[in-house]
Structures are given as C-alpha cells and as structure tokens.
Number of protein chains: 2
Amino acid sequence: MATGLRELKKQQTRQAISSAATRLFIERGFETVTIAEIAAAAQVAKMTVTNYFPRKEDLALDYHETFAAGLARTVADRSAGESALAALRREFLAGVERHDAVIGFSSQGFARMISDSPTLTARLRDLHDQREDALAQVLAADTASAPGDLTARAAAALLGAAHRTLFEHIMDLTREGRSNRQIASTVTRSAHQVFGLLETSLADYAMR
Amino acid sequence: MATGLRELKKQQTRQAISSAATRLFIERGFETVTIAEIAAAAQVAKMTVTNYFPRKEDLALDYHETFAAGLARTVADRSAGESALAALRREFLAGVERHDAVIGFSSQGFARMISDSPTLTARLRDLHDQREDALAQVLAADTASAPGDLTARAAAALLGAAHRTLFEHIMDLTREGRSNRQIASTVTRSAHQVFGLLETSLADYAMR
DNA sequence: CACATTTTTAGGTCAGTCCTAAATTTATGT
DNA sequence: ACATAAATTTAGGACTGACCTAAAAATGTG
C-alpha cells in the first residue's frame, strides 16, 4: 500500500485542479466560474473535480481539517498550569507572527474572493462552527463536565467568537490592502484586547 | 394602494404555500421535498413559490426580519442605567417565559426538521450571524466607538455566542421531547449561568 | 366598462450534485 | 513478465434549486 506512483499522480491531479480553480476564482470571482470550466482548465473530467473536491467551496477553502481541529488541538496540548484561554491566546499570537492562514492571513485577492461570495462566507462560518464544536468537545472531556452542563459549550462559544472576530478583523485589513507585517502589528494589540475581555470570565476555566 | 382584496389574496396564497410546505417538510424532511411538490400541494405554479419565498429555506424559517433585528432592538430600547448585557438577559428571560420561538422554542417535529437538514442549520447560522452584525452596529453607534475599534464587534460576538448557545440548548431539549414548561425551567437556570459568565467582562459595557 | 397595475403562470436555461457503468491506469502475486 | 486485482478517471445523464422572460389572469381605478 501507499505505493509511490499512484499517490504521486493523485497529488499532481489534485494540485492541477486546485491551481486552475484558484487562478480562475481570483480572476473572475467564485460564483461566475463553473466546475466545467475548472475541469477544462485542468484537463480532467468534470467528475474528477467533484471526486477530489466534493463541494465547489472546497476548491477555494481547502484547509478544513487543519482549520476545524486547530483550537481543540491547542487546548489538548496545553501545558500544566495553563488555562484554555491562556493556551489559545499564546497560540494565536504565535500565529500572528507566522502570518498563519488559519487565523485569517491571506492575500487581497483571496480576501476579496471570499467576501464577494455568499457561498464562501457561508462555508467559512461553517468552518468556524465546526472548530467551535471540536473545542467544546475537548473542553467537556477535559473538565469532566456532566452531560447537560452548558459550561464547556458556552466557553467554547466565547473563545470561538473571539477567534472569529479576530479572523474577520484580519480579513478586513487584508481587503483594505495593508501589508501582512502591518496587520500583524495591529492584530497583536487587538488580540490582547479581545482575549483580555474574556480574562475575568475564563481565567480559571479549564486550568490544567 | 393597500386595497383590501389584493392584499388579502396575497396573504392567503402565501399562507397556503407556507402551510403546505411546513406539512410536507415535517412529514418527509426538508431535503427530500421539492419545490415542485410544494407548488402542487398548494395548487400554484412553481414560480409563485419562488416569488414568495426566494430561497427554499425561507419556507421553513420565515421569521428572518424579527429574528435578525431582535438583539439590536433590545439594546436600542434599553432603559437608563441598564447595560447591554443586563438588557439582553432581561429580555431573554422574558422570552423564556413566553416560550418565544425567537430564542429557540418550537416543537419536536420542527426541531428535528432543522437538525436533520444541513441546509437549514446553515441558514440558522446565517440568521444568528445577521443578528450579531445588527447588534454590533447598534453597540458601535451607542458607544461612539472609533472606526477600527474592535470592542463593539467583540462584545456583539460574545453576546451573540451566549444567545446562540442557549438557542441550541433549547433546541436540544426540544428534540429530546421535553415539554416547553420543563425546558423553560431548565433554561432559566442555564441563562443565569451563561450570562453570568459574561458578567465580569461586560457588566460596565454600553451602560446607558 | 375600459384601462392600468399587479400577480401568477408556463416554459425554458443553467449550474451543482449525485449516480452508474465502462475504460484506463497502477499495483501485486505467481 | 504477465495476468489479475484494485484504484482512478471518464462519459453521459438525471435531478433539483435558482433564475429569466413573455404572456395571461386577476384586481384596482377613472
């Protein structure tokens, strides 16, 4: 299993489709480009596009697993004596330094493509939601909360809301044409402000 | 203008379509019922269904204006000396007593219809989002916040997250078959807990 | 009652999603 | 090395929701 050639070809096909799609989307907008055009540009059958990317949105937002699992992973991996809030803030600030796509960094063309498309903004909301659900599960397990107890879900909702707000802030600045470096500087302050808002509410929650 | 007969017929047509749709959706699920079937059941043309309800989801979730404007209205109407958080908590608790659909009360069939349909859960997320945006606008205007200041958006996100968490909690209990009276009793406690979480963060925010 | 306006209808186009069966390509066992 | 198995890609089509246009029907107004 996992033989080289077949796997290689699959990755090449996937990459060819993804590249063609991204180019067309940024050129002409997500909604006006059809799957048939993408297939033609990548020189594959329409069905092959669908096989690799079940929904059209997946062609533009291809990091769902990484994105959806991020917050839960950060909390699961936090060190002793660190609260969930502290771990998420630390990791977010590190992401700012990295200009990480997972917290909202991209290019002006990409940011415009997303905000110009109702389909893609809806899909992004969906990803934020999955991310929050995964976080809620980790928090519930970690704090051994009783079934029916809302605390973990509420905390996940608040922490998810903070991340989503900062994500949208980064996207706004990106659309305005600011450089990633300048955005990083601005958002570092924003992050301290937004996480600071939750400090008094969640400072002791899910302390390991 | 606004002559009686024409307006009456429109309302009747709208009601006939909505009733047929609701009945079919609860019987057989949102996704498997087609617009053509709804049109046939209501004895109108397919296009008439689309004219009244531009998206299929509107046939099941018909309170978008009321829903989306609710939080913003509550905050705009709050009395002197009341914070945004206090006003929203007060109004939510009143909604619990009313068994208000806007905060999540419905029937088991309705709740199941929604959670069984990805399209409808996505649409519900969208409504929560619009509601949060409207709240953010009111908060920004009311606190005279500088452009680029994230505080209003962050506060709206946290308050919206609280409402969404409680909404989902009510839907969960409804799906489990609890009576609205029992749900009201449980959710009153949940609301105090969830809004209490935000007390230390937002007690002084947007005090009028 | 004739005329203007609004609403409904019929018919069609288009794109995204899903399905099936066949053809092609790659891997594996003898 | 070759036959066989497995995985991938292809072609074609079905179905639905969304959208469009022109005509028909219903309603309100002078």
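Both backbone and side-chain heavy atoms feed into the values below; hydrogens, waters and symmetry mates do not. Labels below follow one simple rule: chain letters A, B, ... track the order of the sequence lines, proteins then strands, and each chain is numbered from 1.
- Atom-to-atom, CG of A/Asp58 to P of C/dG16 comes out at 13 Å; the value is rounded to the nearest Å.
- Within the 4.5 Å cutoff, side-chain heavy atoms of A/Leu150 are placed close to those of B/Ser190.
- No salt bridge links A/Asp129 with A/Arg164; every basic N to acidic carboxylate O contact stays at or beyond 4.0 Å.
- Proximity of B/Ile17 to B/Thr13: side-chain heavy atoms (C-beta onward) are separated by under 4.5 Å at one or more points.
- Counting any heavy atom pair closer than 4.0 Å across all strands shown, A/Tyr52 reaches sugar-phosphate atoms only and no base atom.
- Side-chain nitrogen and oxygen atoms of A/Thr50 include none within less than 4.0 Å of the OP1 or OP2 phosphate oxygen of C/dT17.
- The interatomic distance linking A/Ile38 (CD1) with C/dA15 (C1') rounds to 12 Å, in whole Å.
- Along DNA chain D, the nucleotide nearest B/Ile35 and the nucleotide nearest A/Lys46 are compared for position; the residue whose nucleotide lies closer to the 5' end is A/Lys46.
- By the 4.0 Å N-to-carboxylate-O rule, B/Asp126 lies too far from B/Arg131 to be salt-bridged with it.
- The side chain of A/Lys10 sits closest to D/dT8 out of D/dT8, D/dT10, D/dA18.
- Closest approach to the A/Thr13 side chain among D/dT9, C/dT17, C/dA15 is made by D/dT9 (side chain taken as heavy atoms from C-beta onward).
- We find that CD of B/Gln43 is positioned 15 Å from C1' of C/dT9, with the value rounded to whole Å.
- In this structure, the nucleotide among D/dA18, C/dG11, D/dT10 sitting nearest to the side chain of A/Val44 is D/dT10.
- Salt bridge A/Arg153/A/Asp133: absent, no basic N to carboxylate O contact under 4.0 Å.
- Contacts of A/Thr34 with the nucleic acid, taken as non-hydrogen atoms under 4.0 Å apart, involve only primed sugar atoms and P, OP1 or OP2.
- Between D/dG12, D/dC19, C/dT17, one nucleotide has an atom nearer to the side chain of A/Arg55 than all others, and that is C/dT17.
- Ionic pairing of B/Arg55 and B/Glu57 is not present here: no N-O contact between side-chain nitrogen and carboxylate oxygen is shorter than 4.0 angstrom.
- At a threshold of 4.0 angstrom between heavy atoms, the contacts of B/Val49 with the nucleic acid are absent.
- Here D/dA18 is the nucleotide among D/dG17, D/dA18, C/dT26 with the atom lying nearest to any side-chain atom of B/Glu57.
- Rounded to a whole Å, the CE atom of A/Met47 is 12 Å from the C1' atom of D/dA14.
- Candidate nucleotides D/dT9, C/dT9, C/dT17 were compared by shortest atom distance to the side chain of A/Asn51, and D/dT9 ranks first.
- The A/Ala45 side chain lies nearest to D/dA11 when the options are D/dG17, D/dC19, D/dA11.
- One atom, CD of B/Glu31, and another, C1' of D/dC15, lie 14 Å apart when rounded to the nearest Å.
- Across the protein-nucleic acid pair, B/Gln12 atom CD and C/dT8 atom C1' stand 15 Å apart, rounded to whole Å.
- Here the P atom of nucleotide C/dT7 and the CZ atom of B/Arg14 are 13 Å apart, to the nearest Å.
- With C/dT8, D/dC20, C/dT17 as the choices, the nucleotide that has an atom nearest any side-chain atom of A/Lys56 turns out to be C/dT17.
- Between A/Leu8 atom CG and D/dA7 atom P there is a gap of 19 Å when expressed in whole angstrom units.
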